[in-house]
Amino acid sequence: MKRSQPNVEYLQEHGPATLSELPGEQITTHNKMEGVTTFDPHTGAFGSQSTQVYYLFEDHDPAVIVARWLEANEAQLEDTPRRIIVRTAGSVADEFGDAAREVLPEEGEDSPFSHGEITEAECPRCEDWSGPSNRLAKHLTECEG
């Protein structure tokens, strides 16, 4: 199917994104027909709704989707234990919970979601990246590995 909607083209080029990043002002029925869907886990336990992330159902890897969602909601989730974030992501579908386990550092390691020393991390999807653990989520949004 030929994809010609600006939001769809943006997602193809840039990967998962928040609504404010998309060129359209809303997600249209045509976007949904072309495979645009949303990652929007129930986050009532965090006190407010999280920022949704839109992605192409058949094109985007769950780890990249979860990494983008974590980045978009970093301030809201920063004091949330890893196990709660994994459970929340997994409430959408098992593959998102698995992706959250892959993306988030183990308990006790530093990340935007816990306090402590920054450790070195390697990308679980490619062998081309290593760096501070608090930058892994951002790298995964761009990783092609």
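Residue numbers start at 1 and run along the sequence shown.
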Practice problem: Please test Y54 against T37 for side chain to side chain contact (heavy atoms under 4.5 Å, CB included), starting from the C-alpha separation and ending with a verdict. | Solution: CA-CA 6 Å; Y54 294 89; T37 192; over 6 Å; no
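- Taking the six-membered ring where tryptophan is involved, the planes of F39 and F96 are tilted, since the angle between them lies from 30° to 60°.
- Distance check, rounded to the nearest 0.5 Å: CD of E71 to OG1 of T18 gives 9.5 Å.
- When the shell of 6.0 Å around NE2 of H14 is examined, it contains more than 12 heavy atoms from other residues, nucleotides or ligands.
- Q5 contributes atom CD, which lies 11.0 Å from atom CD of Q12 (distance to the nearest 0.5 angstrom).
- Using a 3.5 Å distance cut-off with no hydrogens or angles, the side chains of Q26 and N31 do not pair a donor with an acceptor.
- With a 6.0 Å radius and a threshold of 12 heavy atoms from other residues, nucleotides or ligands, E142 has its CD atom above the threshold.
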Quiz item: When you look at V53 and T38, which way does the side chain to side chain contact (heavy atoms under 4.5 Å, CB included) test go after all the steps?
Solution: CA-CA 6 Å; V53 171; T38 183; 5.9 Å; no
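- L104 contributes atom CG, which lies 9.0 Å from atom CG of L77 (distance to the nearest 0.5 angstrom).
- The salt bridge (charged side-chain N to carboxylate O under 4.0 Å, His left out) search around E95 returns none, not counting sequence neighbours.
- Remark: side-chain polar atoms of R101 are not paired, donor with acceptor, to backbone N or O of V86 under 3.5 angstrom.
- Closest of all the heavy-atom pairs between R125 and A63 is CD-CB, 4.1 Å.
- Nearest heavy atom pair, residue T51 against residue A72, reads OG1-O, 4.1 Å.
- Nearest approach of S50 to D40, heavy atoms of both residues: OG-OD1, 4.2 Å.
- Summarising the geometry of H60 relative to I65, their closest heavy-atom pair is O-CD1, 3.6 Å, with the distance given to 0.1 Å.
- No chain of hydrophobic side-chain contacts below 4.5 Å, direct or via other Ile, Leu, Val, Met, Phe, Trp or Tyr residues, connects Y10 to V64.
- For the atom pair L22 CG and N7 CG, the distance stands at 4.5 Å (nearest 0.5 Å).
- Here the CD atom belonging to E102 is positioned 7.0 Å from the CG atom belonging to D61, to the nearest 0.5 angstrom.
- Shown here for A17 and L11, the closest heavy-atom pair between the two residues is N-CD2, 3.8 Å.
- T28 contributes atom OG1, which lies 7.5 Å from atom CD of E34 (distance to the nearest 0.5 angstrom).
- For the pair C126 and C143, the tightest heavy-atom approach, listed with the atom from each and the gap, is SG-SG, 3.7 Å.
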